[in-house]
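Reading through the structure tokens given below for one structure.
Below, all heavy atoms of this structure are taken into account, side chains as well, without hydrogens, waters or symmetry copies.
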Amino acid sequence: MVLVALNLLSYWQINGESGTFSMARALPPCNGQVLAEGFTYLFRDPHRGEIVMFHARGSIGGEIVPTSHHANFQINKRVIGVPGDTLGSRNGRVYVNGDAADNIPTQPFQPVHLGHDQYFVMGDNRSVSHDSRAFGPVPRDAIYARVILNVWPLHRFGIPGYDKNAKPPGVLCGRT
């Protein structure tokens, strides 16, 4: 009964990862399915390391603008920076407030200081991810859920991990 009510209120969602691979290996690429929930964010803000879903307008491969208004699709990425953080890249890695965020190889990007209600999000498959390095910080009101479970394919069923030493697999799903 609780799950039905939450679903009706749009706090739970099965989301298809059809053709996306910017979050590989944490999320299943190429027609995978994940469960996202938005109930938690009614009571607290996103935490660093969580995989969030946010609304955006634009087109994949074109300009993307995270927004809470006039959105035409949803994107999921990992939260790397939270309000007040300063992020940058050095020696092929991401640094948050001077400390290495992880050891995932990352192309250089300009330093950014996050303002009130701004989040810096990145894909774990950073060699192909279109993320905050390209479209800038995501406003808090655009973030509506967090990914909590991989549900399809069945051999990937479980809680998405965060391998801080992962090597991005690059292009998947037969894309170039």
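The NE2 atom of His113 sits 8.5 Å away from the CG atom of Asn97 when rounded to the nearest 0.5 Å. One finds the CD1 atom of Ile51 at 11.0 Å from the CD1 atom of Ile159 (value rounded to the nearest 0.5 Å). Note that the NZ atom of Lys167 and the CG atom of Asn103 stand 7.0 Å from one another [nearest 0.5 Å]. For the atom pair NE2 (His55) and CD1 (Ile75), the distance works out to 11.0 Å, reported to the nearest 0.5 Å.
In terms of heavy atoms, Tyr95 sits closest to Ala100 at CD2-N, 3.4 Å. Closest of all the heavy-atom pairs between Val151 and Phe157 is CA-CD1, 3.8 Å. Across every non-hydrogen atom of Gly123 and Asp131, the tightest pair is N-OD2, 3.2 Å. Nearest approach of Lys77 to Ser129, heavy atoms of both residues: NZ-OG, 3.1 Å. Considering every non-hydrogen atom in both Ala166 and Pro105, the closest pair reads O-CD, 3.5 Å.
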Can you check side-chain contact (heavy atoms from CB on, under 4.5 Å) on Val79 and His47, steps first, answer last? CA-CA 7 Å; Val79 174; His47 293 169; over 6 Å; no

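With sequence neighbours excluded, the residues satisfying side-chain contact (heavy atoms from CB on, under 4.5 Å) with Tyr162 are Arg78, Ile80, Asp102, Ile104, Asp124, Arg126, Lys164.
For the pair Ser89 (side chain) and Arg93 (backbone), a donor-acceptor distance under 3.5 Å is absent.
By the rule that hydrophobic residues join a cluster once side-chain heavy atoms approach within less than 4.5 Å of another member, Leu114 and Ile143 end up as members of separate clusters. Cluster annotation: Met122 is connected to Leu87 through the hydrophobic network of ILVMFWY side chains, with a link wherever side-chain heavy atoms come within less than 4.5 Å. Hydrophobic clustering, with ILVMFWY side chains joined whenever heavy atoms are under 4.5 angstrom apart, keeps Phe109 apart from Val128. The hydrophobic cluster containing Val121 does not contain Val96, counting ILVMFWY residues as joined when their side-chain heavy atoms lie under 4.5 angstrom apart, directly or transitively. Under the 4.5 Å side-chain contact rule for hydrophobic residues, Phe135 and Val82 share a cluster.
The shortest side-chain heavy-atom distance between Arg146 and Glu37 falls under the 4.5 Å cut-off. Within the 4.5 Å cutoff, no side-chain heavy atoms of Tyr119 are placed close to those of Val52.
Residues Glu50 and Tyr41 bring a donor and an acceptor atom of their side chains to less than 3.5 Å of each other.
Within the structure, the salt bridge (Lys or Arg N to Asp or Glu O under 4.0 Å) test picks out no pair touching residues 109-120 (sequence neighbours left out).
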